[in-house]
Amino acid sequence: MPKYNPSKIEKKWQKKWQEQDLYKAVDFDKRPKKYIMVEFPYPSGDGLHMGHLRSYCSLDALARKKRMEGFNVLFPMGWDAFGLPTENYAIKTGIHPAKVTKDNIATFKKQMKSIGLSFDWSREIDSTDPKYYKWSQWIFIQFFKKGLAYQSKMPINWCPSCKIGLANEEVIGGKCERCGAETSRKTLKQWMLKITAYADRLIDDLEKVDYVEKIKRQQINWIGRSYGTEIDFKVVGSEDVINVFTTRADTSFGITAMVIAPEHSLLEKLITKENKSKVKAYVAASKKKSEFERTQLDKEKTGVFSGSYCINPVNNEKVPIWISDYVVATYGGGAVMIVPAHDKRDYQFAEKYDLEIREVISGGNVSKQSYIDYGTLVNSGQFSGLDSKTAIEKITVWLIKNKVGKKTVNYKLRDWVFSRQHYWGEPIPIIHCQKCGVRSVPEKDLPVKLPYVKKYEPTGTGESPLADIKEWVNVKCPECNGPAKRETDTMPNWAGSSWYFLRYIDSKNDKKFAAPEKLEYWLPVDLYNGGMEHTTLHLLYSRFWHKFLYDLGHVPTIEPYQRRYSHGVVLAEDGRKMSKSFGNVIKPKNVVDQYGADTLRVYEMFVGPFDQMISWSTEGVHGCFRFLNKVLALFNDESKITGKNDKGLITKLHQVVKKVDEDLDSMKFNTAIAAMMEFVNIWSENNRVLSKKDAQIFLSILSPFAPHLAEELWSSLDNKQSIFKQPWPEYDKKLIKQEIWQLIIQINGKVRDKVEVKQGISEKQVKELALAQEKVQKWLNNKKPKKIIYIPNRLVNLVV
RNA sequence: GCCGUGGUGGUGGAAUUGGUAUACACGCACGACUUAAAAUCGUGUCCCUUUAUGGGAUGUGGGUUCGAGUCCCACCCGCGGCACCA
């Protein structure tokens, strides 16, 4: 009897599949198309992670099933290879980032192939390839031409000791990750993308896609659209006006202070002489804090009085103007009206600085805590007695009439800072000419290649390392031919990943990012799977780029992804993140060497619900290995596959086919495998046999999960063609109906008895049967049930 | 803190979406095979009382319902995101 030797059969079939070109997606094929995509990985030096594989194995199973169902499946893979870790590694080791990237990609690809993933490698892409980033740059130029890419002064994290800009991730507790020095903020001119211009559509078009509700929620909350009122507060003794945005105009009569952000444009004018030094010190201190720190609710609020006042238009009261860093400069005009009685943060602020807490909405006890719910207005002049909702409307109308306010919409979403002062990214294709100004690089000159140099260390001035490469920076202006300089900032890692799903469709095209007919055929992506951690930023960014391209007529669909699904993280056995520093990383290669790729695949899918976080368990892997061994043993046992008609087992088989079919489509990989295990356990029982034909049906449903073993057993049954060229089996709807089912008899909701009954039994019969049971009689104790509830095919509940 | 999400045996989890809680798998215990171990096979395995019957249990507390892991309210804990990690 041949023993299960995964390494031998897996290599054999991987080779054969490659020779047969089994997974090639065919442009314009007559079969219906199915575009299934998993997020392309960042090829880090650590190699493929178990978390990557969880997504790849599961979606691979689905892709395989869809091919068997007759779809023309596009299931591609590529590399999101620009980024900070590679650059930092290169600086540390002196190995060029291009070389690091190339090596890492080779490792990743080899590992993927060893798992038997059915990617169409002919469409492979690499975001660091000039042939690829040419089009990232081209899209940027389109943004620039439409005025959606613009320059603005923005703060970055700055380490005064290392003299480099830092990513948020590199700032830990306000200190530089590398040297421990206290970081500050440095303002630089940065390229921005105007994503806010698409805010409404990014919310509204979610109605057109089938993302799970929680993902939609996160997108909507991130954009944070709120309808409200803008109110003008005149500064006392000046012509200046402070605009404030509020969603709670009904609380206007409770305003007892005004607070502006330290970055507010009127700040300088508002400070009175006696408060100058205090304010200056406060502003300097707040510059050191990150926005995250500043807005944390649990932290104690700080602030200083400016010395100035403004006028509350609804009651003409004089209101003191304060400065506090919990106010965000970029949201709602950078000023907040303080209504201590009806806002949590305002309440804290008022208690600390002894401001008046004036109740204007009844319903709570504002001497103890803020009352933030809607209610009835009090102490609000002519508006007293109204409910909050009506009052918001009426007060807003009053403000508009008196020309001191208007209705507005506000978004939490901010424009996208698109500049990075790093070497390992796509150069921004812009030329700065002293005479002509800012000009985009002519499209015929694309790509602007990243110069291959030995030195890519930071410059010390905050500028990109590219700024030091004089021969690259100095160019002629494309318009006047005079002396000009290249933009030295590069794009963020997000750039390449914002449109890569389009490039897979036509990855070799050098005239366009993709041919329109091919885009027409393949778009949208039918299913896009990736990590939970990408459901706000990456997803939003790529939707934004796609919509922009749609507006220019370059893509045929409004949305890029029809369905988005997110998988949970894979933690280590100890419940912590798999990390080198914890020493708890499980390498895919070791598992493949010991158990084979099929076992690893089955385990990755069996371990738990796909969308939830799971912990790795080496012992669990062993269980999956045992399952595959049992399958092999059954097929090696001639007495198990005969022509006999085992009706009970065939019914079970068709039930499993149905279960696997439905579970795969709804991404419930774990229960699909559990059902197959259950079936194999029953089949293994004495005297349980299948016909060859039925045994092959089982192989078909197993094949997406354990492709190598299924293909091996399939060929051992004298089949010449690959199992993946076979149609997906259909189940017999008549066969799976149970003739007998178990009636649960409950008394007051507790199970007291179980009886087997025939399909089609009437309600009356069920009730009579239930009452006739000995146990039921005992529990009823001669009493008559008050009520009888019958759930067909399930249970009957007698209420006493 | 804000937004999202989760909490079920010793462990990973299942539960027809309001209808038998603990499928499947791991681990453990006992048995078979073996000189022995591993592997494999078989039996058992939520807790309490028990010959049986019975009672209790899905993070905690309350509620709705004939019936709640599932719905509602409050609280506790874990995880992801928070805009320059990808």
Side-chain angles (χ1 to χ4, degrees), chain A residues 39 41-42 44 80 82-85 88 154 156-157 165-171 190 195 213-215 217-222 224 290-293 295-299 326 330 344-345 412-422 492-494 497 530-538 540-541 566 568-569 571 573 575 577 603 606-609 611-624 626-627 629-630 633 668 670-671 673-678 681 684 742-751 754 775 778 785-789 791 793-800:
Chain A
E39 279 172 2
Y42 179 74
S44 74
D80 186 17
F82 275 132
L84 203 54
N88 287 342
M154 294 299 285
I156 61 162
N157 300 310
L166 297 172
N168 286 345
E169 200 193 42
E170 298 173 297
V171 181
Q190 306 260 51
I195 189 171
E213 202 44 48
K214 62 182 176 187
I215 297 177
R217 254 300 37 97
Q218 281 209 343
Q219 295 255 306
I220 290 168
N221 291 345
W222 181 260
S290 72
E291 192 168 293
F292 180 57
E293 278 178 282
T295 52
Q296 267 179 319
L297 239 178
D298 55 343
K299 283 239 170 105
Y326 80 87
T330 46
K344 251 190 188 169
R345 290 193 292 189
K412 287 209 181 96
L413 182 71
R414 308 197 295 257
D415 277 343
W416 175 5
V417 181
F418 201 67
S419 280
R420 298 291 183 271
Q421 292 73 45
H422 285 289
N493 165 277
W494 308 104
S497 61
M532 210 59 210
E533 68 275 20
H534 293 143
T535 47
T536 42
L537 291 179
H538 160 65
L540 202 68
Y541 289 156
S566 296
V569 200
L571 298 176
E573 201 133 18
K577 268 190 183 170
Y603 177 70
F606 180 62
V607 61
D611 60 348
Q612 269 166 52
M613 170 183 77
I614 54 105
S615 295
W616 183 264
S617 155
T618 300
E619 277 160 350
V621 178
H622 194 76
C624 294
R626 273 210 279 255
F627 165 62
N629 272 284
K630 274 189 196 174
K668 285 153 83 176
N670 53 332
T671 48
I673 291 168
M676 287 190 288
M677 286 175 168
E678 218 171 335
N681 289 343
S684 302
Q742 199 177 42
L743 174 72
I744 307 297
I745 302 172
Q746 293 184 334
I747 292 168
N748 289 338
K750 292 214 150 94
V751 182
K754 299 169 187 181
K775 280 185 192 165
K778 206 181 105 195
K786 262 190 267 178
K787 205 167 151 192
I788 302 178
I789 291 146
I791 312 291
N793 290 315
R794 197 119 316 163
L795 56 75
V796 62
N797 188 14
L798 313 176
V799 186
V800 188

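The sequence lines fix the lettering, A, B, ..., with proteins before strands; numbering per chain opens at 1.
Nucleic acid contact for A/Leu413: base, since at least one base atom lies under 4.0 Å from a heavy atom of the residue. Within 4.0 Å (heavy atoms only), A/Leu795 reaches at least one base atom of the nucleic acid. Among the heavy atoms of the strands lying under 4.0 Å from A/Lys754 is at least one base atom, whether or not backbone atoms are also near. Nucleic acid contact for A/Glu170: none, since no nucleic acid atom lies under 4.0 Å from a heavy atom of the residue. Among the heavy atoms of the strands lying under 4.0 Å from A/Asp80 are primed sugar atoms or P, OP1, OP2 only; no base atom is included. Using a 4.0 Å heavy-atom cutoff across all strands shown, A/Gln219 reaches no nucleic acid atom at all. Contacts of A/Pro41 with the nucleic acid, taken as non-hydrogen atoms under 4.0 Å apart, are absent.
Taking atom C1' on both B/A68 and B/A15, the two are 13 Å apart, rounded to the nearest angstrom. Nucleotides B/U17 and B/G12 have their C1' atoms positioned 23 Å apart, rounded to a whole Å. Using atom P as the reference point in both B/U11 and B/U58, the two lie 15 Å apart (nearest Å). Taking the C1' atom of each, B/U45 and B/C26 are spaced 13 Å apart, rounded to whole Å. Nucleotides B/G9 and B/U22 place their C1' atoms 7 Å apart, quoted to the nearest Å. Spacing between B/A38 and B/G44 at atom P, rounded to whole Å, works out to 22 Å. Nucleotides B/A25 and B/C77 place their P atoms 37 Å apart, quoted to the nearest Å. Atom P of B/A74 sits at a distance of 24 Å from the matching atom of B/G67, rounded to the whole Å.
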- Message: Go through it in stages, so that I can follow the logic: the residues are A/Ser615 and A/Glu573, the test is side-chain contact (heavy atoms from CB on, under 4.5 Å), and I'd like the CA-CA distance, side-chain angles, deciding distance and then a yes or no.
- Response: CA-CA 5 Å; A/Ser615 295; A/Glu573 201 133 18; over 6 Å; no
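Legend: residues meeting salt bridge (Lys or Arg N to Asp or Glu O under 4.0 Å) with A/Lys778, ordered by chain and number and at least two apart, are absent. For A/Tyr603, the ring pair (Phe, Tyr, Trp, His ring centres under 6.0 Å) criterion is met by A/Trp616, not counting sequence neighbours. Under the side chain to side chain donor-acceptor pair (under 3.5 Å) criterion, A/Gln746 pairs with no residue, sequence neighbours left out.
Atom NZ in A/Lys750 sits roughly 17 Å away from atom P in B/U65 (whole-Å rounding). Going from atom OH of A/Tyr603 over to atom C1' of B/U11 covers 10 Å, rounded to whole Å. Regarding A/Gln612, its CD atom lies at a distance of 14 Å from the C1' atom of B/A15, rounded to whole Å. The CD atom of A/Glu533 sits 10 Å away from the P atom of B/C82 (whole-angstrom rounding). Separating the CH2 atom of A/Trp416 from the P atom of B/A86 is a distance of 12 Å, rounded to the nearest angstrom. Spacing between atom NZ of A/Lys412 and atom C1' of B/C82 amounts to 11 Å, rounded to whole angstrom units. Look at NZ on A/Lys668: it is 9 Å from P on B/A14, rounded to the nearest Å. For A/His534 and B/G80, the NE2 to C1' distance is 11 Å, given to the nearest whole Å.
When atom types are taken as modelled, the side chain of A/Gln742 and the backbone of A/Lys754 share no donor-acceptor pair closer than 3.5 angstrom.
Both A/Glu213 and A/Trp494 lie near RNA chain B, and the one whose nearest nucleotide falls closer to the 5' end is A/Glu213.
No N or O donor and acceptor, one from the side chain of A/Arg794 and one from the base of B/U20, sit under 3.5 Å apart.
When side chains are defined from C-beta on, A/Phe606 does not count as touching A/Phe627, because their heavy atoms never get closer than 4.5 Å. Residues A/Val796 and A/Ile791 form no side-chain contact, since every pair of their non-hydrogen atoms from C-beta on lies 4.5 Å or further apart. Annotation: side chain of A/Met532 is not in contact with side chain of A/Val569 (no heavy-atom distance under 4.5 Å). Proximity of A/Arg626 to A/His622: side-chain heavy atoms (C-beta onward) are separated by under 4.5 Å at one or more points. Using a 4.5 Å heavy-atom threshold, the side chains of A/Ile745 and A/Lys775 count as separate.
Residue A/Val751 has its side chain nearest to B/A21 when only B/C85, B/G80, B/A21 are considered. Listed nucleotides B/U5, B/A86, B/U20 differ in distance to A/Leu537; the shortest reach to its side chain belongs to B/A86.
Against the 90° criterion about 0, the sugar-base torsion of B/G9 places it in the syn range. In this entry the base of B/U17 is syn relative to its sugar, with a glycosidic angle within 90° of 0.
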Restricting to nitrogen or oxygen on both sides, can you table the protein-nucleotides 22-31 of chain B pairs closer than 3.5 Å?
from: B/A23; atom 1: O2'; to: A/Glu678; atom 2: OE2; distance (Å): 3.2
from: B/A25; atom 1: OP1; to: A/Asn681; atom 2: ND2; distance (Å): 2.8
from: B/C26; atom 1: OP1; to: A/Arg626; atom 2: NE; distance (Å): 2.8
from: B/C26; atom 1: OP1; to: A/Arg626; atom 2: NH2; distance (Å): 2.6
from: B/G27; atom 1: OP2; to: A/Arg626; atom 2: NH2; distance (Å): 3.2

Check: protein-nucleotides 66-75 of chain B nitrogen or oxygen pairs below 3.5 Å:
from: B/C66; atom 1: O2; to: A/Asn797; atom 2: ND2; distance (Å): 2.3

- Query: Using Watson-Crick and G-U wobble pairs whose two distances are both under 3.5 Å, how do you write the pairing of RNA chain B as dot-bracket, with | for links to another strand?
  - Reply: (((((((..(((......[....)))((((((.......))))))(((.....)))..(((((..]....))))))))))))....
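Between the side chains of A/Asn797 and A/Lys787, no donor-acceptor pair is found at a separation under 3.5 Å.
One finds a side-chain N or O of A/Arg420 lying less than 4.0 angstrom from the OP1 or OP2 phosphate oxygen of B/C84. Within the 4.0 Å cut-off from OP1 or OP2 of B/G80, at least one side-chain nitrogen or oxygen of A/Lys577 is found.
A/Thr671 OG1 to A/Met676 CE: the interatomic distance, rounded to the nearest 0.5 Å, is 10.0 Å. For the atom pair A/Gln421 CD and A/Ile156 CD1, the distance stands at 5.0 Å (nearest 0.5 Å).
A/Ser566 and A/Thr535 get closest at one heavy-atom pair: OG-CG2, 3.2 Å.
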